[in-house]
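Accompanying notes for the structure given below.
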Amino acid sequence: MTTAAIDIVILGRPYKVACPAGQEVALQRAADMLNERIRNFKQSGKAGSNEQIAIMLALNVCHELELEKDKNYQYADAMDKRIKLLQHTIEEALANKVG
């Protein structure tokens with residue numbers, strides 16, 4: 001897989017980051033989102049050291065990721081149940097038509 005290096009700025013510090021080619025825009029959006037979260041966190045009066053801010057934001061993002069995983073699991077489970085119900089309904093209809 002080809003990688004590209006892009007420059008991003010987090011907490012006012014520049015970083016050169018490697019990412020898969022074609023994903024540069026997404027990575028830049030992620031950096032912009034992180035900077036926005038940092039600004040909001042600091043404005044909320046919870047500001048501490050940059051390390052504390054980074055840890056709290058990382059924890060928040062991991063928590064959000066876990067919530068999304070749970071949502072996706074529940075959605076997949078619901079779709080699986082619907083598909084099985086539909087399959088059962090079709091099989092019954094075919095059995096009634098044949099019989």
Side-chain angles (χ1 to χ4, degrees):
M1 178 178 282
T2 308
T3 60
I6 67 166
D7 294 314
I8 60 172
V9 177
I10 306 286
L11 285 168
R13 292 184 56 193
Y15 295 91
K16 186 171 281 294
V17 181
C19 70
Q23 304 263 335
E24 298 89 353
V25 172
L27 183 59
Q28 185 60 57
R29 281 195 317 258
D32 293 342
M33 182 189 309
L34 178 57
N35 279 315
E36 181 64 25
R37 285 180 178 224
I38 290 168
R39 271 192 295 281
N40 291 340
F41 196 81
K42 285 182 174 182
Q43 288 174 355
S44 72
K46 301 174 189 173
S49 69
N50 284 348
E51 181 179 352
Q52 289 172 319
I53 291 170
I55 289 170
M56 292 307 298
L57 290 175
L59 180 60
N60 287 341
V61 168
C62 289
H63 181 249
E64 291 169 9
L65 178 60
E66 285 302 310
L67 292 175
E68 286 301 315
K69 283 177 168 179
D70 288 345
K71 244 189 341 189
N72 284 341
Y73 174 77
Q74 290 171 3
Y75 177 78
D77 189 47
M79 288 298 106
D80 187 50
K81 287 177 182 172
R82 285 183 177 182
I83 289 169
K84 286 179 181 174
L85 178 62
L86 182 59
Q87 183 180 10
H88 179 71
T89 303
I90 291 169
E91 288 171 357
E92 278 188 349
L94 288 174
N96 289 339
K97 186 173 183 176
V98 172

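Computed from a prediction, not measured in an experiment: that's the story for all the values here.
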- Would you check if K84 and H88 make a side-chain contact, meaning some heavy-atom pair closer than 4.5 Å?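 No - every pair of side-chain heavy atoms lies 4.5 Å or more apart.
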[X], [Y]: one ILVMFWY side-chain cluster at the under-4.5 Å cut-off?
{"X": "L59", "Y": "L67", "value": "no"}
{"X": "V61", "Y": "M56", "value": "no"}
{"X": "V9", "Y": "V17", "value": "no"}
{"X": "I55", "Y": "F41", "value": "no"}

Can you list, pair by pair, the side-chain donor-acceptor contacts under 3.5 Å of residues 19-27, counting residues two or more places apart and other chains?
unit_1: E24; atom_1: OE1; unit_2: G22; atom_2: N; d: 3.0
unit_1: E24; atom_1: OE2; unit_2: G22; atom_2: N; d: 3.4

- Which residues share a salt bridge (charged side-chain N to carboxylate O under 4.0 Å, His left out) with E36, sequence neighbours left out: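 Counting only residues at least two positions away or on another chain, E36 forms a salt bridge (charged side-chain N to carboxylate O under 4.0 Å, His left out) with R39.
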Hey, could you give me the [atom1]/[atom2] distance between [X] and [Y], rounded to the nearest 0.5 Å?
{"X": "I90", "Y": "L94", "atom1": "CD1", "atom2": "CG", "value": "7.5 Å"}
{"X": "L11", "Y": "I53", "atom1": "CG", "atom2": "CD1", "value": "6.5 Å"}
{"X": "L57", "Y": "I38", "atom1": "CG", "atom2": "CD1", "value": "6.0 Å"}
{"X": "Q74", "Y": "D70", "atom1": "CD", "atom2": "CG", "value": "6.0 Å"}

- Message: Determine whether a donor-acceptor pair (N or O, by modelled atom type, separation under 3.5 Å) exists between the side chain of N35 and the backbone of A31.
- Response: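 Side chain of N35 to backbone of A31: a pair is present.
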- salt bridge (Lys or Arg N to Asp or Glu O under 4.0 Å): which pairs involve residues 5-22, sequence neighbours left out?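 Sorted result for residues 5-22: D7-K16.
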- Task: Verify side chain to side chain contact (heavy atoms under 4.5 Å, CB included) between E64 and E68, making sure each step is shown before the conclusion.
- Result: CA-CA 6 Å; E64 291 169 9; E68 286 301 315; 5.7 Å; no
- Would the number of heavy atoms belonging to other residues, nucleotides or ligands and lying under 6.0 Å from CD of E92 be above 12?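 Yes - once you tally the heavy atoms of other residues, nucleotides and ligands closer than 6.0 Å, there are more than 12.
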